[in-house]
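Report on the structure given below.
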Amino acid sequence: MTNLFLHADINNCFASIFRIFNPELNGVPIVVLSNNDGSIIARSQEAKDLGIKMGQPYFEARPIIEKNQVRVFSSNYPLFHDLSTRFHDTLGMFSPHQEIYSIDEGFLDIGGFYNVDLKQYGQKVKETVYKWLGLPICVGIAPTKTLAKLANRIAKKSKKAQGVLVLKEPAHIEAALKTISVGDVWGIGRKYAEKLQAFGVTTAWELSQVNDAFAKKHLTVVGLRIVKELRGVPCADLEIEPPAKKGICTSRSFGQPVTSLEELREAVTAYTTRCASKLRKQKSNCLQITVFIHTNRHKENEEQLYNCKTIQLPVPTNSTLELVHYAMIGVAAIYRPGYKFKKAGVIIDDIRPAQAVQGNIFDRIDRGKHLELMNTIDLLSKKMGSGIVKVASEGINHNWKMKQDYGTPCYTTRMEDILIVR
DNA sequence: TCTGGGGTCCTAGGACCC
DNA sequence: TCTGGGGTCCTAGGACCC
């Protein structure tokens, strides 16, 4: 059986999603901002052509944006997530062996396909996603995941490929690798690219030709796998069942500086609530919680503080109430008056399956009651929107909430959001 | 005025044990 | 000045991803 992987991803994902609902945005430059409208996290092709950079601070790009009448949008994760689910569902129609790699990328294992014209097959995937969702995608097909991603990359740039590239024959693969610079290989970041260039390895082809000991020594075993995959030797299977998370983190920058403990308590309560809900969703408990707060590191003339506190829990739990209790102890321990805090976050760690809780004779909490309450809250949140039930310490004013000046409706999901925006 | 958020894996080195 | 050998576990830090 031959090894064959298909990699599909949405072109300029977040910008393309806004275009589905606003056809007048077609052909117009678009940027999408990070949480808090801080920096640019997605651009349409037109915006890329203007020289607007990924990750660039919004205020810095503002002159170009205004001069060229670039359309600006805040992130809308409920909307992105919904379209992402539809995209992956559509891909899943093409093979039972599917990996949901990220919000806008997926792999299919098509190794068992015989007598199939692969180019045509890739085209069919691409056309189907466009027809059903209105989202433009590209497709790469190759004997390893690394090569499939690379094929996709070439498909995006090449006119001839029409958005679909199959890399199968060795000569064809070699020619393709020679056109890709080493830093554009999946898994080779900035540091490794610099290191490799210093050794005279500048293209993906040259990387595929280094010896194994060299790869292991300078890029660890992870790099060795990349090198082998570039040679067409698969080292990674699909991850069909997403593994349970080992750590869960919720953190946000504030829309304006926060100075009071009371407001920090509210924010940390909200973040802990979110962590606990993610934890219950994957049916896990945790044994450790960390709270952190810090000031704005970009303001060099202001007093800086980065403070965190980790607390070990007596018994594994996923109860919002219990976790919030410890988070409040944590935030009180690290708070210092006189600082302008910019960000806070909560990390839960030491995660294990929710069954098999090891009891503790000093445990005073009625776990049966907590469990029932959490189940009820999760059900209400699912039916009526998260936030329908809150822990009191979350407060209601939320002056710390992130800034989102360029919001859009959640077109496909919650009615009440549409009403609020109007 | 204004700079995102959430993850993974690997390695080296220290603490500790027999 | 000499100061074993082998093992495990944990953590911090570095690299990467979208």
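Note that these values count all heavy atoms, side chains included, but never hydrogens, waters or copies made by symmetry. Quick note on labels: first sequence line is chain A, next is B, and so on, each numbered from 1.
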Check your understanding: Would A:Gln197 and A:Thr202 count as having a side-chain donor-acceptor pair, cut-off 3.5 Å?
Key -> no
From [options], pick the nucleotide closest to the side chain of [X]?
X: A:Arg225; options: C:dC17, B:dC2, B:dC9; result: B:dC9
X: A:Ser39; options: B:dT11, B:dG5, B:dG4; result: B:dG4
X: A:Phe59; options: C:dC18, B:dC2, B:dG4; result: B:dC2
X: A:Trp186; options: B:dG6, C:dC17, B:dG7; result: C:dC17
X: A:Cys249; options: B:dC9, B:dG6, B:dC2; result: B:dG6
X: A:Lys191; options: B:dT11, C:dC17, C:dC16; result: C:dC16
X: A:Lys342; options: B:dG7, B:dT3, B:dG6; result: B:dT3
X: A:Tyr192; options: C:dC16, B:dC2, B:dT8; result: C:dC16
X: A:Asn296; options: C:dC18, B:dG6, B:dT3; result: B:dT3

Over how many whole Å does the gap from [X] atom [atom1] to [N] atom [atom2] extend?
X: A:Asp349; N: B:dC9; atom1: CG; atom2: C1'; answer: 15 Å
X: A:Lys149; N: C:dC16; atom1: NZ; atom2: P; answer: 15 Å
X: A:Lys145; N: C:dC17; atom1: NZ; atom2: C1'; answer: 12 Å
X: A:Lys246; N: B:dG6; atom1: NZ; atom2: C1'; answer: 15 Å
X: A:Ile65; N: B:dT3; atom1: CD1; atom2: C1'; answer: 13 Å

Point to revise | N-O pairing of A:Glu303 and A:Lys340 below 4.0 Å | key: no
Point to revise | Comparing A:Tyr77 and A:Gly247 on DNA chain B - which has the more 5′ nearest nucleotide | key: A:Tyr77
Check your understanding: Relative to the ring of A:Phe18, is the ring of A:Phe80 parallel (under 30°), tilted (30 to 60°) or perpendicular (over 60°)?
Key -> perpendicular
Practice item. Could you please spell out the steps behind the salt bridge (charged side-chain N to carboxylate O under 4.0 Å, His left out) verdict for A:Lys53 and A:Glu60? Key: CA-CA 10 Å; A:Lys53 300 267 184 309; A:Glu60 209 180 279; over 6 Å; no
Please determine if a side-chain N or O atom of [X] lies less than 4.0 Å away from the OP1 or OP2 oxygen of [N].
X: A:Ser253; N: B:dG5; value: yes
X: A:Lys278; N: B:dG7; value: yes
X: A:Thr220; N: C:dA15; value: no

Point to revise | Complementary nucleotide for B:dC18 - Watson-Crick or wobble, under 3.5 Å | key: C:dG5
Review point. Do A:Thr128 and A:Met93 come within less than 4.5 Å of each other through their side chains, counting heavy atoms only?
Key: no
